[in-house]
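Structure, as structure tokens:
Just follow the structure's listing: the first ligand is 1, and inside any ligand the first atom is 1.
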Amino acid sequence: MPELLAERLIRDVPDFPKPGIMFKDVAPVLQNPAALQEVVDHIAEDAKGQGAEVVVGIESRGFVFGVPVALQLGVPFAMTRKLGKLPFDRITEEYALEYGTNTVEMHVDAIDPGQRAYIIDDLLATGGTAAAAARLVERLNAHVCGMGFMVELTFLEGRKNLLGYPIRALIKY
Ligand code: AMP
């Protein structure tokens with residue numbers, strides 16, 4: 001695949017949010033419409049190929065990339081949110097992060113049983129977040145048809161936590 005505009009824009013911020021973490025800052029990609037469009041187009045193409053019937057975005061940068069993909073495909077968008085943010089009946093999953101632990105939640109009616117759900121986040125690190133999102137989807141008796149990320153930190157081997165799911169990552173470090 002030819003180099004994406006986004007690859008040159010993603011900014012390395014050392015020691016954020018903790019010493020030893022090299023944070024991949026995607027803000028400059030969002031400031032460049034051509035770069036953002038390219039990323040959305042590539043993820044949307046994969047989601048379409050996987051037969052996505054609903055896009056699941058992981059709070060909060062997964063929303064930024066997930067909503068335009070859902071609109072491009074003409075399918076619903078479902079949110080996984082951090083603990084305590086969702087107002088309606090919800091299900092909850094805890095997971096380990098590259099830096100700390102976290103909990104994600106989803107409304108019980110966010111996805112219909114049997115739907116093909118495509119999970120989107122900005123970045124795949126250890127895979128804990130995406131695995132928790134997949135568990136939420138499966139607890140709603142839906143099917144994870146694929147996952148799309150702009151960035152993958154391959155050295156963290158997140159794919160090992162996501163065995164069996166088709167994964168598309170556009171930029172790998
Ligand atoms: P993980 O569950 O370890 O795959 O972590 C993925 C989530 O944490 C994504 O929502 C990322 O936005 C965020 N994240 C983890 N590591 C980094 C990093 N080095 N730079 C930027 N975001 C990160």
Identify, by atom number and element, the atoms of ligand 1 in contact range of Thr129, meaning under 4.0 Å from any of its heavy atoms.
1 (P), 2 (O), 5 (O), 6 (C), 7 (C)

In Lys24, Arg168, Arg159, the residue satisfying salt bridge (Lys or Arg N to Asp or Glu O under 4.0 Å) with Glu152 is Arg159

For Phe23 and ligand 1, does the shortest N/O to N/O distance drop below 3.5 Å?
no

Without swapping roles, check the side chain of Asp15 against the backbone of Gly20 for a donor-acceptor pair under 3.5 Å.
yes

Mind checking whether Met22 contacts ligand 1 via backbone (N, CA, C, O), side chain (CB onward), both or neither, at a 4.0 Å heavy-atom cut-off?
backbone

Would you call Gly127 a ligand 1 contact, heavy-atom distance under 4.0 Å?
yes

Kindly state whether the ring of Phe63 and the ring of Phe77 have centres lying under 6.0 angstrom apart.
yes

Give the atoms of ligand 1, by number and element, whose distance to some non-hydrogen atom of Asp122 is under 4.0 Å.
9 (C), 10 (O), 11 (C), 12 (O)

For Ala35, is there any backbone N or O sitting under 3.5 Å from a side-chain donor or acceptor partner on Asn32?
yes

Pull out every atom of ligand 1 sitting under 4.0 Å from any heavy atom of Thr126, numbered as shown with elements.
1 (P), 2 (O), 3 (O), 4 (O)

Is Asp121 close to ligand 1, meaning an N/O of one under 3.5 Å from an N/O of the other?
yes

Applying the side-chain contact (heavy atoms from CB on, under 4.5 Å) criterion to Asn102, which one of Lys82, Glu59, Glu93 satisfies it?
Lys82

Under 4.0 Å from a heavy atom of Leu153: which atoms of ligand 1 are those, numbered in the order shown and with their elements?
19 (N)

Whether Arg90 side chain and Phe88 backbone form a donor-acceptor pair below 3.5 Å:
yes

